[in-house]
2 protein chains.
Amino acid sequence: MTSEELAGCMMTNPVVVRRTMAGLREAGFVRSAKGHGGGWEIACDLSAVTLKDVYDALGAPQLMAMGIHLESPACLVEQTVNRSLTTAFAEAEALLIDRLRTVSLAQLADDFRAHVAAHKRNLERKP
Amino acid sequence: MTSEELAGCMMTNPVVVRRTMAGLREAGFVRSAKGHGGGWEIACDLSAVTLKDVYDALGAPQLMAMGIHLESPACLVEQTVNRSLTTAFAEAEALLIDRLRTVSLAQLADDFRAHVAAHKRNLERKP
DNA sequence: CTTCATGTAACTTACGATGTTACAAGACTC
DNA sequence: GAGTCTTGTAACATCGTAAGTTACATGAAG
């Protein structure tokens, strides 16, 4: 698929698609080809790549909205709160990342296909 | 303390302080007084109020930076990812909130005082 | 009645994420 | 080789939200 097509699917812009996909390409999960007939294709075993891999490929962005802003703030009150919550935030993040590790792209694809099939059956029954 | 003084401590603006403290006042954790000699004072038993209470009083803002944006998006791919991660996000959030529940303001105050005392001893030893 | 404080609405600023434009470079077709 | 299609990327624009600011009404103390 071209960036243009993908952008259409996601209601966004081709350049945004390229920017995002760049991370996945560098990780080797997709390939891109320039020129006529070019575009994007999958370049990995979907059952071998997890959401954690994708998350990392996209630059491992912040998962927590709050959390620790400064490692060692000058403010003693802030230091106190940090001491009381750093491990809590770390644990919550670790839990989440562990879950990302358990979901492979192949699983997602299977689940997706199953739901699409169910959706189609539904449409046929009540037309 | 006045909003002005508090703002000075936090390197921010008195109005921002009032905005934020408004939540704590409605929850009954602090009291405010207008006029000469007015300002803010604590109005609760610090050992009875936890960070979870404070979090709620501040409007329970988003803890997770990502998570589920739309409950039922039109996009079937988005639905698939949501199915695979809603519980994970919910669990991580629950874990965090449980930790907030375990920290009372009294604990924070004690820890704060202990560290301030240690800091002072340090200064006296090497002047 | 003057001064000092909060309460709040309205406006401004700052910033990051996203969207857009522009153009170079590579690949295919004719 | 000319023309066209596509990615790659830099530079700029837009948007939305959080924070800061201004302004003024209200109430309390001296």
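Letters go in sequence order (proteins before strands), and every chain restarts at 1. Side chains included, hydrogens not; waters and symmetry mates left out as well; all remaining heavy atoms used.
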What side-chain donor-acceptor pairs closer than 3.5 Å can you find for residues 4-12 of chain A, not counting sequence neighbours?
residue	atom	partner	partner atom	Å
E5(A)	OE1	T2(A)	N	2.7
E5(A)	OE1	T2(A)	OG1	3.4

Identify all side-chain donor-acceptor contacts of residues 83-92 of chain B below 3.5 Å with residues at least two apart in sequence or on another chain.
residue	atom	partner	partner atom	Å
R83(B)	NE	D111(A)	OD2	2.9
R83(B)	NH2	D111(A)	OD2	3.0
R83(B)	NH2	H115(A)	ND1	3.1
R83(B)	NH2	T80(B)	OG1	3.2
S84(B)	OG	V81(B)	O	2.9
T86(B)	OG1	N82(B)	O	3.0
E91(B)	OE1	R99(A)	NH2	2.3
E91(B)	OE2	R99(A)	NH2	3.0

List the residues meeting side chain to side chain donor-acceptor pair (under 3.5 Å) with E124(B), not counting sequence neighbours, and say none if there are none. none
If you link I, L, V, M, F, W and Y whenever their side-chain heavy atoms are under 4.5 Å apart, who else ends up in the same group as V16(A)?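 Members besides V16(A): none; it forms no cluster.
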Connecting only ILVMFWY residues whose side-chain heavy atoms lie within less than 4.5 Å of each other, what is the rest of L76(A)'s hydrophobic cluster? V77(A), F112(B), V116(B)
Neighbours of DNA chain D within residues 54-66 of chain A, by heavy-atom distance under 4.0 Å: none
In chain order, what residues pass the side chain to side chain contact (heavy atoms under 4.5 Å, CB included) check against D110(A), with sequence neighbours excluded? R113(A)
Extract all donor-acceptor atom pairs below 3.5 Å that involve side chains of residues 44-61 of chain B and protein atoms in other chains or at least two apart in sequence.
residue	atom	partner	partner atom	Å
D45(B)	OD1	S47(B)	N	3.0
D45(B)	OD1	S47(B)	OG	2.8
D45(B)	OD2	S47(B)	OG	3.1
T50(B)	OG1	K52(B)	N	3.2
T50(B)	OG1	D53(B)	N	3.3
T50(B)	OG1	D53(B)	OD2	3.2
K52(B)	NZ	D56(B)	OD1	3.4
K52(B)	NZ	D56(B)	OD2	2.6
D53(B)	OD2	T50(B)	N	2.8
Y55(B)	OH	P61(B)	O	2.8

More 5' along DNA chain C: R18(A) or W40(B), using each one's nearest nucleotide? W40(B)
Go through residues 20-31 of chain B and report each residue with a non-hydrogen atom lying under 4.0 Å from DNA chain C, sorted by number. R25(B)
Contact list for residues 22-38 of chain A, test salt bridge (Lys or Arg N to Asp or Glu O under 4.0 Å), sequence neighbours left out: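 Applying salt bridge (Lys or Arg N to Asp or Glu O under 4.0 Å) to every pair that reaches into residues 22-38 of chain A, excluding sequence neighbours, yields R31(A)-E41(A).
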Give me, pair by pair, the N or O atoms of the protein and of nucleotides 10-19 of chain D that are less than 3.5 Å apart, along with how far apart they are.
residue	atom	partner	partner atom	Å
dA11(D)	N6	R19(A)	NH1	3.4

Provide a list of protein-nucleic acid N or O atom pairs under 3.5 angstrom, restricted to nucleotides 26-30 of chain C.
residue	atom	partner	partner atom	Å
dG26(C)	N2	G35(A)	N	2.8

Do the side-chain N or O atoms of T2(A) get closer than 4.0 angstrom to the phosphate oxygens (OP1, OP2) of dC5(D)? no
